[in-house]
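Order of the sequence lines sets the chain letters (A, B, ...), proteins ahead of strands, with each chain counted from 1. Keep in mind that what you see is a predicted model, and the values were worked out from it rather than measured.
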Amino acid sequence: MREVVTNAPLSGEIGHRKYGVPVARALSVCYNEAQRRSVTMSVRTRFAPSPTGYLHIGGARTALFNWLLARRHGGQFILRIDDTDEARHVDEAVAKILEGFRWLGIDWDEGPEIGGPHGPYYQSQRGDKYEAAIIQLIKSGKAYPDLTPTTEVDTLRRAAEAAKQPFVYRGKERDMDPAAALDVYLSKRPAVRYKVPSGRVVALDDKVRGHVEWQTDLLGDFTIARNEGKPLYNLATVVDDIDMKITHIVRAEEHLSNTHPQLHLFEGLGGEKPVFAHIPYVAAPGTKKKLSKRNPPPGVMVALEEYEQAGYLPRAVLNGLARLGWSLDDKTEVMDLQTVIDNFSLEKVVAAPAGLDPDKLYWLQDQYMKQLPSAERVDRMIPFLAAKGLISAPPTAEERETVAKIDAASGDRLKLLSDIVRYGEFFFTPTIDHDKEAAKHLRKEGAAEVVEKIKDALATLEPFDVKSVEGAISQLGASTGLGGKINHILRAATTGRSVGPGVYDCVAILGREKTLRNLEHTLAAIREGRIV
RNA sequence: GGCCCCGUCGUCUAGUUAGGCCUAGGACACAGGAUUUUCAUUCCUGCAACAGGGGUUCAAAUCCCCUCGGGGUCACCA
C-alpha cells in the first residue's frame, strides 16, 4: 500500500499554473482587502548563500526572485548564511555578499547585521537547534545513530555502482529502540541517519516544476549529521526553514532532488511544509550548461561585483536578472523595479534553463544610461575617473564641471559608466597620444599643413565656443576643399582619438590654451615622424 | 548508470494550465537602407523557431505515447 505525502498548498493566492487549484480566482469574489492582506502578509522567503567569497550572478537572481515574491506580497525576505561547514565561515566572504545586495538595492528584513526574531542567522551559530532536532528525531524513532564505519558504507556504495544498481543504504541500527539509540548517540556521537520509510511515494507540487514524485524505496537513509554531531545541509536547512517560518522556498533547480529528503525532514520534525518553487539555473550564453565561476565562458562575467566594476548600473542588472527566466508579458523588456514587484509571480517563471545574454544586458544598460539624469550619471562616473587617477577624489568643482560637460557632449555614446574613461581621458591628461585610427588621419598627405591652418584659425578665434569653432572649421573645410573630412583631422589632432564626443564640443571643453598645445604637440609629432 | 527536470527564431522569451484569435508575437544580436560632416543615437526593412515520429480531434506549439537531444543530482559539501 502506498501513502502519498504532499506539500499542501499554504495559500490559494499563488495557485500553480498547471496543477494547482485556481483557488485565488474562485475566492477572489469574496476576498476583501483585509483578508487578502492576511494571506499575503504571511509570505516569508529566504536566500541562504554559503559564503564562498563572491555573489554569483545566478545566486543574485535567485535572491532577487525571493525578494520580489516577499515584496510583492508584503512579506519578509530573510537572509541566512549557510556556513555549517565551518571552513566556509569567513567574514570577508559574507561581507562581499552583503555588499552585492546593497549595490543592487535588495534589502533584507532579517539576517546578518540587523538580526531579527528568529536569529541567529548564521548556521554556524545555531548548533543547539540542530542538536535539539537530532535528539527529537532519534527520540521519536525517526532517526538513528549509524555505527557503521564510513569505509564500509563506501564499499557498499561502490559495489552498488559497479553492479549498476541504485545505492539504497539502510543502517544496521535503524530498528534500534529509540531510548537505546539516544544513549548511543549521546555517548558515542556517531553520524545520524534519517529513517526513510519504505514503500511510499513522496509528491511535490512545485510552483514551477509542477507535480514531481519520488519513490522512497529509491532513497537511502540519508545522513543528517556526521560524527561529533555536526549537522548536515539538509537537516540544518529544514530546521531553519521551520524555525524561521519560511513559507516559500524559491531556489535553483539543482536543489530539486534535495527536496525529497527535505520533505521527509519536514514531516519528521512536524513542520508545516512550505511552498516550493525550483527555478531554472542560469546557463552560460548560448548553452544549456550551468554558468559556473570555475570555468566561465570567455568574456562572461559570473560574479556580481564584476558588473559593478565594468560600469553597469544596478537597475540595469536588476532588470536583466528579473528577465532571466521571468517575463512580464509578450513585449515589455525595460521595466523599473516597482513594475517588476507589482507584477512578479512564480507562475510566470519558465521551467527551462535561462541563458544569460550579455548582449541584451548591455542593451538594457544603454536604455538606463539614457534615462539617467545627467547629474546622477556624472556622480556615478566620477569614481571611474578617480580610480584611474585622472581626477582627484573627491573631485574639485572644476573637474566635476568638466565631467558634466563631457557627459553632455557625449550624448548617447556612454554605454557603461566606465566609458567616461575611454571618452574623456584626454581632457584630464597634460598631453595626448595618438591611437591607431587617429594616426591614420594624420599620416595622410598634407595633414601637417591642415593642422597648421586649424591652429592658426583657432589661435585668434573669438569667442571660443562650440558655435564659433564649428563656424571656423567649416569655413576652413570649404577653403581647403576638404569639406567635412577636415573633422577627422581636427579630432585626431586635438584629442588623439578617432571617436569621441562631438568634436566641436571637445575643442570647446579643452579650451583654447589646451587645444593649441595639443595641436603643437601633434604637429611636432608629425614632423618628427612619431606618428605611426 | 539510477532518479528527476527541461526542449518555440543564433539568444532571451510570448503563446501550453482552459486546443481554434498562431500562415507562431516581441526583444537582443546580425544584415541592408535612411538620418547624423566621426562615433553613438534614431527610424525603416530583412533574416530566422514549435527537436523528431506516431496518435486523439473538424482543428495541436498546445492533449496522449514513443524516440532523440540537453541538463541537474546521486557525500559523514552547500
Colleague: Using the C1' atom as the reference point in each nucleotide, state the distance between G15(B) and C9(B) in Å, no decimals.
Modeller: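 It works out to 14 Å between them.
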
Colleague: Which part of the nucleic acid does G355(A) contact within heavy-atom distance under 4.0 Å: base, sugar-phosphate only, or nothing?
Modeller: sugar-phosphate

Colleague: Write down the distance separating the P atoms in G10(B) and A24(B), rounded off to the nearest Å.
Modeller: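 About 15 Å, rounded to a whole number of Å.
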
Colleague: Could you pull out all residues at least two apart from P358(A) that satisfy side-chain contact (heavy atoms from CB on, under 4.5 Å)?
Modeller: P285(A)

Colleague: Mind checking W214(A) for me? I need base, sugar-phosphate or nothing, with any heavy atom below 4.0 Å counting as a touch.
Modeller: sugar-phosphate

Colleague: Can you check the distance between G25(B) and A48(B), where both ends of the measurement are the C1' atom (answer in whole Å)?
Modeller: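 Result for the C1' pair: 14 Å, nearest Å.
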
Colleague: Let's test this: given Watson-Crick or G-U wobble pairing with both distances under 3.5 Å, identify the partner of C58(B).
Modeller: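 C58(B) is paired, partner G20(B).
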
Colleague: For the side chain of R491(A) and the base of U37(B), is some donor closer than 3.5 Å to an acceptor across the two?
Modeller: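 Answer is no: no donor-acceptor pair is held.
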
Colleague: Take atom CH2 of W326(A) and atom P of A14(B), then tell me their distance rounded to the nearest Å.
Modeller: 11 Å

Colleague: Distance check, C1' atoms only: C21(B) and A60(B), in whole angstrom units.
Modeller: 15 Å

Colleague: Between A27(B) and C5(B), how far is it from one C1' atom to the other, in whole Å?
Modeller: 27 Å

Colleague: List the steps, then state whether side chain to side chain contact (heavy atoms under 4.5 Å, CB included) holds for V196(A) with Y194(A).
Modeller: CA-CA 6 Å; V196(A) 175; Y194(A) 189 86; 4.2 Å; yes

Colleague: Verify the contact: side-chain N or O of T150(A) to OP1 or OP2 of C76(B), cut-off strictly under 4.0 Å; return yes or no.
Modeller: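 Checking T150(A) against C76(B): no side-chain N or O falls below 4.0 Å of OP1 or OP2.
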
Colleague: What string of B, S and - do you get for nucleotides 69-75 of chain B 5' to 3' if you count protein non-hydrogen atoms under 4.0 Å?
Modeller: -SSSS-S

Colleague: Give T148(A) one of three labels, base, sugar-phosphate or nothing, depending on what nucleic acid heavy atoms sit under 4.0 Å from its own.
Modeller: base

Colleague: Compare the minimum distances between each of C76(B), A78(B), U41(B) and the side chain of Q123(A), then state the nucleotide with the smallest one.
Modeller: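 Taking heavy atoms from C-beta onward, the closest nucleotide is A78(B).
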
Colleague: Would you mind classifying the nucleic acid contact of S327(A) as base, sugar-phosphate or nothing, using non-hydrogen atoms under 4.0 angstrom?
Modeller: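 Sugar-phosphate contact only - S327(A) comes under 4.0 Å of backbone atoms but never of a base.
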
Colleague: Nearest to the side chain of R226(A), which nucleotide is it out of C76(B), G2(B), A40(B)?
Modeller: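 Within the option list, the nearest is C76(B).
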
Colleague: Applying ring-ring contact (aromatic ring centres under 6.0 Å, His included), which residue pairs with at least one partner in residues 345-367 of chain A are found, sequence neighbours left out?
Modeller: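 Checked against ring-ring contact (aromatic ring centres under 6.0 Å, His included) - neighbours excluded - no pair reaches residues 345-367 of chain A.
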
Colleague: In the structure shown, which nucleotide is the Watson-Crick or G-U wobble counterpart of G10(B), with both distances under 3.5 Å?
Modeller: C28(B)

Colleague: What is the distance, rounded to the nearest whole Å, between atom CG of N319(A) and atom P of U13(B)?
Modeller: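 To the nearest whole Å, that distance equals 14 Å.
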
Colleague: Start with the C-alpha gap between K290(A) and E254(A), add the side-chain angles, then the distance that decides, and say whether salt bridge (charged side-chain N to carboxylate O under 4.0 Å, His left out) holds.
Modeller: CA-CA 10 Å; K290(A) 206 164 90 176; E254(A) 51 258 42; 3.3 Å; yes

Colleague: Whole angstroms only, please: what is the CG-P distance between L235(A) and A78(B)?
Modeller: 10 Å

Colleague: Which base sits across from U38(B) as a Watson-Crick or G-U pair, both distances under 3.5 Å?
Modeller: none

Colleague: Check side-chain hydrogen bond (donor to acceptor under 3.5 Å, both in side chains) between T332(A) and all other residues, then give those that pass, not counting sequence neighbours.
Modeller: D329(A)

Colleague: So, is R422(A) near the phosphate of C39(B), with a side-chain N or O under 4.0 Å from OP1 or OP2?
Modeller: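 For R422(A), the contact criterion (side-chain N or O under 4.0 Å from OP1 or OP2 of C39(B)) is not met.
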
Colleague: Suppose you measure atom P in U62(B) against the same atom in A51(B); what distance do you get, rounded to whole Å?
Modeller: 8 Å

Colleague: For R80(A) and D82(A), what are the C-alpha separation, side-chain angles and deciding distance, and is it a salt bridge (charged side-chain N to carboxylate O under 4.0 Å, His left out)?
Modeller: CA-CA 6 Å; R80(A) 183 215 302 156; D82(A) 276 14; 3.6 Å; yes

Colleague: Which part of the nucleic acid does T237(A) contact within heavy-atom distance under 4.0 Å: base, sugar-phosphate only, or nothing?
Modeller: nothing

Colleague: Looking for any heavy atom pair under 4.0 Å, which part of the strands does G325(A) touch: base, sugar-phosphate only, or nothing?
Modeller: sugar-phosphate

Colleague: Is there a Watson-Crick or G-U wobble partner for U73(B) with both distances under 3.5 Å, and which nucleotide is it?
Modeller: G2(B)

Colleague: Start with the C-alpha gap between L304(A) and Y54(A), add the side-chain angles, then the distance that decides, and say whether side chain to side chain contact (heavy atoms under 4.5 Å, CB included) holds.
Modeller: CA-CA 8 Å; L304(A) 188 70; Y54(A) 66 95; over 6 Å; no

Colleague: What integer distance in Å separates K485(A):NZ from C39(B):C1'?
Modeller: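 So the two atoms are 17 Å apart, to the nearest Å.
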
Colleague: Measuring only the P atom in each nucleotide, how far is C50(B) from U8(B)? A whole number of Å is fine.
Modeller: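 These two P atoms come out 10 Å apart once rounded.
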
Colleague: Can the ring centroids of F344(A) and F65(A) be said to lie less than 6.0 angstrom from one another?
Modeller: yes

Colleague: What does A354(A) touch in the nucleic acid at a heavy-atom separation under 4.0 angstrom: a base, only the sugar-phosphate, or nothing?
Modeller: sugar-phosphate

Colleague: Measuring only the P atom in each nucleotide, how far is A29(B) from C44(B)? A whole number of Å is fine.
Modeller: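 After rounding to an integer number of Å, I get 15 Å for this pair.
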
Colleague: 5'-most contact on RNA chain B: P166(A) or H488(A), nearest heavy atom basis?
Modeller: P166(A)

Colleague: Classify every nucleotide of nucleotides 23-28 of chain B by which part a protein heavy atom approaches to under 4.0 Å, writing B for the base, S for the sugar-phosphate alone and - for neither, in 5'-to-3' order.
Modeller: --BBBS

Colleague: Mark yes or no: R126(A) above the aromatic ring of Y122(A), with NZ or CZ under 6.0 Å from the six-membered ring centre and no more than 45 degrees from the axis.
Modeller: no

Colleague: Could you pick out which residue, D146(A) or S498(A), lies toward the 5' side of RNA chain B when each is mapped onto its nearest nucleotide?
Modeller: S498(A)

Colleague: Can you tell me if CD on Q371(A) sees more than 12 non-hydrogen neighbours from other groups inside 6.0 Å?
Modeller: yes

Colleague: What is the distance, rounded to the nearest whole Å, between atom CZ of F276(A) and atom C1' of C5(B)?
Modeller: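 The distance from CZ of F276(A) to C1' of C5(B) comes to 16 Å, rounded to the nearest Å.
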
Colleague: Grab the CG-P distance between L263(A) and C3(B) for me, whole Å please.
Modeller: 19 Å

Colleague: Just to verify, what does R497(A) make a side-chain hydrogen bond (donor to acceptor under 3.5 Å, both in side chains) with, not counting sequence neighbours?
Modeller: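 Here the qualifying residues are D433(A).
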
Colleague: Taking the ring of F426(A) and the ring of H434(A), is the distance between their centroids below 6.0 Å?
Modeller: no

Colleague: Given C76(B), C4(B), U37(B), which nucleotide is nearest the side-chain atoms of A191(A)?
Modeller: C76(B)

Colleague: Tell me whether the OP1 or OP2 atom of A40(B) has a side-chain N or O from K370(A) closer than 4.0 Å.
Modeller: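 Indeed not, no polar side-chain atom of K370(A) lies that close.
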
